[in-house]
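Each chain gets a letter, A, B and so on, in the order its sequence line appears, and its residues count up from 1.
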2 protein chains.
Amino acid sequence: MSKRATAREVAAAAGVSKWTVIRAFTPGASITEESRRRVLAAAEALNYTPNLLARSLATNLTHQVAVFVDDFANPQKLPFLEALTARLQAEGRVVMLININTQFDHVRALLNADQRQVDAVILFGTAFRDETLRDRKLSKGMPPLFVLARDSQIEGIPAVVCDAQLALRDIVSHLAGKGYRRPGFMAGAQVLSTALQRKHYFAHFWGRHGISVSTELSADDYSWKAGATALHSYLSITPPAERIDVLMCENDILAMGALDVLRSDFGLRVPEDMAVLGFDNLELSGTPAYSLTTYEQPLHAMVDTVVAMVTGDLESKTVAISGQLILRSTA
Amino acid sequence: MSKRATAREVAAAAGVSKWTVIRAFTPGASITEESRRRVLAAAEALNYTPNLLARSLATNLTHQVAVFVDDFANPQKLPFLEALTARLQAEGRVVMLININTQFDHVRALLNADQRQVDAVILFGTAFRDETLRDRKLSKGMPPLFVLARDSQIEGIPAVVCDAQLALRDIVSHLAGKGYRRPGFMAGAQVLSTALQRKHYFAHFWGRHGISVSTELSADDYSWKAGATALHSYLSITPPAERIDVLMCENDILAMGALDVLRSDFGLRVPEDMAVLGFDNLELSGTPAYSLTTYEQPLHAMVDTVVAMVTGDLESKTVAISGQLILRSTA
DNA sequence: AAAGAGCTTGCTACCGGTAGCAAGCGCCGC
DNA sequence: GCGGCGCTTGCTACCGGTAGCAAGCTCTTT
């Protein structure tokens, strides 16, 4: 396992200077066809390819984009990651996947991403406090930040989200039309802003119908178990007559937990005894086992948009894109 | 947004040479406490942190590990990615997530990873042909390769897998004990080696009971839909009397598709009319809606092992780790 | 034939670190 | 008072590219 060949070595083999070698690998550079052929032949023989590390150091461009994720429980992350990596790779970028957790928090991750000179950071669905950035860090040339699939709580940091206002308007309008009158909301983790947005508009549009949303459940995190636990305790302490007749869950994973508790633990019928809605449209939400009414985020449009901002093809400012209500049997 | 401070600038501010600045940031370097304090104070003021790109170029060590993934349909990828990123980050490494697809194949991905000088490449559950590496690429100092959660088909490339032999021994022994006698196997994509291993041992251990596995279904990929479609066509063309009495699916996602078709489309009882098993133990496999009997891969042990190989704390050679049979109600 | 335009090539300087040599310095013992 | 040891510091050279200037060359134009 010998070391990689360098431009200098190729130059020696081809009988030119190393700068001519570089030019053979630089599109649009000034070089004769003859020289280029000789260099490429030598490069082929020596198995030379340019060292991108050295290039990045010199150009101050790594073509690497850091993606921060702090919640791997929601399967919805996977199709997003697939689309993000595919789109960025198509644009010649590569994803650095950073797991934000208690050992490796936002500050440390940002510092690391900056030291590695990434071209941009995408905060994918991860909560981010204002204080974090006040950590005297934003001051010096941090890479540009973008928030994906969650609202940006920070002035000047653009976000690309599913339009919660349109989504909840459609949802509430559908539910009100169906005759539901006692709505409840289940949020994942209270502090997060997306929860606030969805919850906010849910309450807002019910308010237009003269109905207030007084029941707010909160799950510990975004997982089946958390959704199941939250609804289980609600049903345990609330007599049937006082229960809500429709439950809007912040996402599908929570909704699935809620559905299983309703059907299996309490033997209730959905949607007759209680209707349930989710948000995301996971593959498994469409199965007969769940058949969950939900709202599909415009995944590809969101990813395309944030990638365009990263590459500079689109002005970087907060954008909300409309998704689609998916009617199934739970509401 | 000014540029990052460099060691040279900090040196000027602290009144020392840039090498002394470097030493203040190098653990164990020879420097007086006095100098270190002055340098760190200046660095703090200028918000200096070492540029890891430049360091990588000089040391030939990037502390970046490329992870190749070519199938984002299986939710099982997510907990693995979570553990992988967390463990590698704890070891001071960072994950470069590469999406292998038709636009960006293994050869291109390897070339790119090599040009970026990653310290290692982890092929996570991705199929890899011998020819790919014969692409006159392995010759020159490619980063070391490791295969995770799939067998290595290539001599000299270590793999970290769940022990299929033990797993299928336990599974078949359980099924035979329960009285099943007409086993069938559903594979995801025929060419992949893990499928071959699991299928191989499934047939092997049934053979010990004098029973041969003649029914082999194959799904187009690893998704709920593919599993559902495959079983649907089987049930459609096979009269009840000739059907298998237990179906082993290569993973949980396929098994879920199969379960929904059995129960919802054909109104059959599980496990009375046909038992079903999966492999992976997804979070949703444990829900009342599925309650799937499955086999849990030793996720953390596998991740710890491959990370130890990457960091050099463990000899790099193929390892199979035993998992655990999870008995639920489908078998 | 001379001059100028335009392409090609090599060069210096630089990106921001690391490695390891050698000089400077303080301190000790003899 | 001098030699020697050991720590600290600065230095040169280098990692493998990029940027942009300037010299060399060809070819055209007058």
Engineer: Over all heavy atoms of both residues, which pair between Gln64(A) and Gln64(B) is shortest? Give the atoms and the distance, please.
Structural biologist: NE2-NE2, 3.3 Å
Engineer: Does a distance-only test, which skips hydrogens and angles, find a donor-acceptor pair under 3.5 Å between the side chain of Trp19(A) and the base of dT12(C)?
Structural biologist: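 Flag set: donor-acceptor pair detected.
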Engineer: Rounding to a whole Å, what distance do you find between Phe25(A):CZ and dA19(D):P?
Structural biologist: 16 Å
Engineer: Would you say Thr59(B) places a side-chain N or O within less than 4.0 Å of OP1 or OP2 belonging to dC15(D)?
Structural biologist: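 Negative; the distance criterion is not met.
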Engineer: Within a strict 4.5 Å, meaning less than it, do heavy atoms of the Leu53(B) and Leu53(A) side chains meet?
Structural biologist: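 Heavy-atom side-chain distance check passes, below 4.5 Å.
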Engineer: Which distance, rounded to the nearest 0.5 Å, do you find between the CZ of Arg87(B) and the CG of Asp304(B)?
Structural biologist: 4.5 Å
Engineer: From Ile100(A) CD1 over to Thr85(B) OG1, what is the distance, rounded to the nearest 0.5 angstrom?
Structural biologist: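 These two atoms lie 10.0 Å from each other.
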Engineer: Arg116(A) CZ to dG16(C) P: how many Å, rounded?
Structural biologist: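 One finds 18 Å between P of dG16(C) and CZ of Arg116(A), rounded.
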Engineer: Expressed as a whole number of angstroms, how long is the span from Leu46(B):CG to dG16(C):C1'?
Structural biologist: 15 Å
Engineer: Nearest 0.5 angstrom please: Asn101(A) CG to Phe72(A) CZ, how far?
Structural biologist: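 One finds 8.5 Å between CG of Asn101(A) and CZ of Phe72(A).
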Engineer: Round to the nearest Å and state the distance from Leu53(B) atom CG to dG16(D) atom C1'.
Structural biologist: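 Distance, rounded to whole Å: 12 Å.
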Engineer: Would you kindly give the CG-to-P distance between Leu61(A) and dG16(D), to the nearest whole Å?
Structural biologist: 21 Å
Engineer: Over 60° means perpendicular and under 30° means parallel, so classify the ring planes of Tyr48(B) and Phe25(B), tilted if in between.
Structural biologist: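 If you compare the ring of Phe25(B) with that of Tyr48(B), the planes turn out perpendicular.
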Engineer: Just how far, in rounded Å, is P of dG16(D) from CG of Asp114(B)?
Structural biologist: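 Atom-to-atom, Asp114(B) to dG16(D), this comes out as 13 Å.
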Engineer: How long is the line joining CZ of Arg38(B) and P of dT8(D), in whole Å?
Structural biologist: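 After rounding, the reported distance stands at 15 Å.
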Engineer: Would you classify Ser30(B) as touching base, sugar-phosphate or nothing, given that sugar-phosphate means primed atoms plus P, OP1 and OP2, and contacts are heavy atoms under 4.0 Å?
Structural biologist: base
Engineer: When we call it a touch if two heavy atoms are under 4.0 Å apart, what does Thr26(B) touch: a base, just sugar-phosphate, or nothing?
Structural biologist: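 If one applies the 4.0 Å heavy-atom cut-off, Thr26(B) turns out to touch nothing in the nucleic acid.
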Engineer: Does the side chain of Arg8(B) get closer than 4.0 angstrom to OP1 or OP2 of dC15(C) through an N or O atom?
Structural biologist: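 It does, given that an N or O in the side chain of Arg8(B) lies less than 4.0 Å from OP1 or OP2 of dC15(C).
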Engineer: Please state how far atom CD in Glu34(A) lies from atom C1' in dC7(C), giving the value in whole angstrom units.
Structural biologist: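 Distance check: Glu34(A) CD to dC7(C) C1' gives 16 Å.
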Engineer: Taking 4.0 Å as the cut-off, does a side-chain nitrogen or oxygen of Ser17(B) come that near to OP1 or OP2 on dC11(D)?
Structural biologist: no
Engineer: Is the distance from OP1 or OP2 of dG17(D) to the nearest side-chain N or O of Thr6(A) less than 4.0 Å?
Structural biologist: no
Engineer: Within the pair Arg36(A) and dT8(C), is there a side-chain N or O less than 4.0 Å away from OP1 or OP2?
Structural biologist: no
Engineer: Can you find a donor-acceptor pair, distance only, under 3.5 Å between Lys18(B) side chain and dG17(C) base?
Structural biologist: yes
Engineer: Heavy atoms only, 4.0 Å cut-off, all strands: where does Leu57(A) land among base, sugar-phosphate and nothing?
Structural biologist: base
Engineer: Which nucleotide in the set dG17(D), dG17(C), dT9(D) lies at the smallest distance from any side-chain heavy atom of Thr32(B)?
Structural biologist: dT9(D)
Engineer: The side chain of Ala58(A) lies closest to which of these nucleotides: dG10(D), dG17(C), dT18(D)?
Structural biologist: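 From the listed options, dT18(D) comes nearest.
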Engineer: Tell me what Tyr48(B) touches on the nucleic acid: a base, only sugar-phosphate, or nothing, going by heavy atoms under 4.0 Å.
Structural biologist: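 Sugar-phosphate contact only - Tyr48(B) comes under 4.0 Å of backbone atoms but never of a base.
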Engineer: Nearest-nucleotide wise, let me know which of Ala54(B) and Arg23(B) is further upstream toward the 5' end of DNA chain C.
Structural biologist: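 This one resolves to Ala54(B).
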Engineer: Which part of the nucleic acid, if any, lies within contact of Ser35(A), taking any heavy atom under 4.0 Å across all strands shown: a base, the sugar-phosphate backbone alone, or nothing?
Structural biologist: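 Here Ser35(A) touches the backbone only, sparing every base.
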Engineer: For Arg55(A) and for Ala29(B), locate the closest nucleotide of DNA chain D by heavy-atom distance; then report the residue assigned to the nucleotide nearer the 5' terminus.
Structural biologist: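 Counting from the 5' end, the first nearest nucleotide belongs to Ala29(B).
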